[in-house]
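Here the structure is laid out as structure tokens; the discussion comes afterwards.
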Amino acid sequence: MEILQIASWNVNGWKRSCELIKHREVTVAQFLSKLNIDILCLQETKTNDSTIENEFRLLDAYSDEYETYWTCCKKKGGEKIQRGYSGLATYVGHKAKIICCCSDPFRNFFFSVDGFSDEDLLVSRCFPRDNSSVSFYALPRGSGHISGVVSNQTAGQTAGQTAGQIRPAGAPLQSVSDLFNEGRVLITIHNQFVLVNVYAPYSGCDYNRLDYKMRFLHAVRSKLLELRITTGLPIILVGDLNISFRNRDVHYLNNVVNLDELQKEINKVSIREDLKQRICKQIPLIIETLNNRDNFVIKKVKGENSESFRLYLNFNGEVKRVGTKFTSMEEIYFFFSLDPVFVEDKYAGVYPNDFFFFLQEPGGDIQGGDVRSGDDEEGDNQRRDNEEWDKEGIFHKGNDHPGDPLHRSETHHGNHEERDVYDSFAEESEQICSHLRKEEAAPIEDYLLHRGRKNVKCNLKKIATHGECRTILCRYSFQSCIDGKYNVKKANTLYLKHLNDILISLGTFLSREDLLNVANAVGHSSSPECCTNFMKNLICEDRMVDTFSFFYPFLNGKFTCWDASKQHRMSNEGSRIDYILVDFVLYARLIKGHSHLYASPVILTDELREWLRRGGGPSEAARDEANNGVVTDDAPNNAAETSNAANTGNSVDNDKAADNDKAADTGNAVDTGNAANTDNAANTDNAAHPRERSYLWVNSPENNCNYANYFNRLRKKAGRIPTEEEALSGDEEDIYHFQFKLRSYIGFIYTSPRLSDHIAVNCTFLTKAKSGGEEKRKQIPICFSGEATIPLRSFCSSAEQYASFLPLYLIDTPLFSGYAFKFLHPLHAHGGTCPSVARAQPHKKTSKITQYFSIKRGKR
DNA sequence: CGTAATACG
């Protein structure tokens, strides 16, 4: 049973991290083989083209054991090239055979297209959570004109803006590709999936770049939609998304609590009755105090070389000091004022809230250029030259799809919503796929279109005739925010740590467990709602699986990133912003592995060391676990373990096993309302199943904290790289290598904080479906796009099933891609390169590398 | 505080 492990890691400068890794492992290849990583996706490499070319040895960019793909920041803010910023790399081992690669994903995306009308609409779907929508239009050949796109060269000449455009001078409407040019997306297409490596922009501590970030994210989402359609392959989206979407994805003290909600839902919080009453009594006073800034008394304290601020609050005449110290007045008001906080959307009116792309036969009037081989960078430029740029730059506001108002009510207790989605999909998908196999497409199509799924609008007349059209236009629209402002803090909300500060000053003392219980019951992520909604759309609407939270919905304290400047890794005060999301189709191939292992950040505490040495555990529980196949040897590659993992019901495609495991997780879950579970897991000496006890012990908050900072011990205060004399003690050596002994299938790889302020996240797949192989694939190749080799017409007539299901993409995305994936042949799989995406080559050991990376920097 | 170029996370 072949398995494939993918890891994603924000390395915060690959040059240095790589150097450190090589100091221990000699080569990156050895590091990868030690961790059984077949594909390593890196973010924040901070490299540039010339570094890759000139210092490829330093970066281990060339090896016999893998290929490497790179993208770098081209420029920032439309200005000069910023070197040493952002940048991605994907290291691909030979096992994960790559078909092609694209480092310029938005080159065929447009902000605006003219020459189509509502009558051309095939089908559209609105996603009410954030009012984003996807629409397909079937256009007669030759219609549809790219507009609103001004190349950089002509931008200066068209400075006199058309009426109706609010674009400030000096902010030319660029092409989509030119706007997202910071080396943040790297796509590799493999035999069985498309891998999208992403580094989402950081909003900035003052949310200065939230507008850019949201537009970037929506662009990525529209690219995912395009990739699903044009490749027929499922997507694996990995990387640093700079979003924590659940309350559990941020440290409990950094959860945001709504005071009204806390008051109303106090009974959901498992804390002592007297504490509940105390809190409920004090909330009105807190609200009253914080609502009037006259109650804020702020004192400036001069330090030796810095100043800090202290906060005193006037509680109805009683003045109490709150918290310790703060860095600024603004910070205090941001945290303690109950007013909502908004930030301006600087892009409002500058860029339209639409992304367009075409699906059509080659040689059409719009795309112009002929099909070229992937490594011909001129093709792109020629295509550009042939295009008729509309210098008016008119764009349309995406208001065609009035949907439900924003904000669907949602609870924040785990991710039940996502689970319901998965469950209902799995059932329905099975039914429909079996129907499809019998080639009875039409009734199913009718069924899907007519079953009244709301938010879907379709034009049945157009659908009936769209085979005659030769161009399909796809439009992704989004509502960036309301009234040109993003809400980054809601009214009546406080960080739990600040609420705690206030409660302390009022004489109410909550224990760590109490606070954790408050966070789990009514806490919210501190990411802005527009960001969490984006993630929820990926999961609930596009139905991707967040591999970590899906398998571990209730774990607390599992983070991928910590603020290095504040040494927060020591206290495990972090956030989970690095993800591996997969299209639902791949869900059945994920290897869950052993429950405590894919929580994985296993650290060598004395107890665990002893546990390992004995091959048993702190109890019969762990021994039981060990006998069950816990890896204690140094050769996690051995076949026995692999087949064990794959066949003993740990693989999720065995429904029964999955249910059992899920049940175990839920039973152990800390938010069962039992406060004792949370922090005292290790000590809980109840009658729980040994396996559960072991699980609780390994995943207790104490251990989480240990995991988080254990490798700090490797941190040497003196010198950047330990010299030979500083060679690590046997103990540390032990510890270092320990992380490679226990194999994690889905979870985290707790890399040393010396390497990066992020750790790596990983997940593992079976490369072949388990149950007796797949259904026989049809010899109908799927790959069509602006530069596809398959004319849409012939495609439609020979694969009318697939074509007729195109609209269903919107109605049931996983069904669509599941069908394509299961039954049709991706063109890429046998055709070598894929013309629609091949735009970059693996790094090669040659003196002239740069030519392969100058895709977007060619002449315009 | 660390990476990298003098900003950014």
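Throughout, protein chains are lettered first and strands after them, A, B, ... in sequence-line order, and every chain is numbered starting at 1.
At whole-Å resolution of the value, CG in Asn10(A) and P in dG9(B) are 11 Å apart. In this structure, the CZ atom of Arg209(A) is 10 Å from the C1' atom of dC8(B), given to the nearest Å. Leu20(A) places its CG atom 12 Å from the P atom of dG2(B), with the value rounded to the nearest Å. Taking atom CD1 of Ile759(A) as the reference point, atom P of dG9(B) lies 21 Å away to the nearest angstrom. We find that CD1 of Ile52(A) is positioned 13 Å from P of dA4(B), with the value rounded to whole Å. Computed from coordinates, the Asp240(A) CG to dG9(B) P distance equals 10 Å when rounded to whole Å. Rounding to whole angstrom units, CZ of residue Arg184(A) and P of dC8(B) are separated by 11 Å. Here dC8(B) presents its P atom at 19 Å from CD of Gln43(A), a figure rounded to the nearest Å.
No engagement by Lys566(A) is indicated, since no non-hydrogen atom pair under 4.0 Å with the nucleic acid exists.
Taking the P atoms as reference points, dT6(B) lies 22 Å from dC1(B), given to the whole Å.
Side-chain rings of Phe326(A) and Phe336(A) approach one another, their centers coming within less than 6.0 Å. Ring pair Phe748(A)/Phe548(A): centre-to-centre distance below 6.0 Å.
Between Ala564(A) and Gly13(A), the one whose closest nucleotide on DNA chain B sits nearer the 5' end is Ala564(A). Take the nearest nucleotide of DNA chain B for Val11(A) and for His758(A): the residue whose nucleotide is more 5' is Val11(A).
For Glu44(A), the side-chain atoms get nearest to dG9(B) when compared with the rest of dG9(B), dA4(B), dA7(B). Closest to the Gln82(A) side chain, of the nucleotides dA7(B), dC1(B), dG9(B), is dA7(B). You'll find that the side chain of Tyr85(A) is closest to dC8(B), out of dA4(B), dC1(B), dC8(B). Of the candidate nucleotides dA5(B), dA4(B), dC1(B), dA5(B) has the atom lying nearest to any side-chain atom of Arg83(A). In this structure, the nucleotide among dC8(B), dC1(B), dA5(B) sitting nearest to the side chain of Asn48(A) is dA5(B). You'll find that the side chain of Lys46(A) is closest to dA4(B), out of dA4(B), dA7(B), dG9(B).
Taking the side-chain contact (heavy atoms from CB on, under 4.5 Å) definition, one finds that Ser337(A) meets it with Arg293(A), Asp339(A), sequence neighbours left out.
Closest of all the heavy-atom pairs between Lys22(A) and Arg57(A) is NZ-O, 2.7 Å.
A side-chain N or O of Asn10(A) and one of Asp240(A) form a donor-acceptor pair less than 3.5 Å apart.
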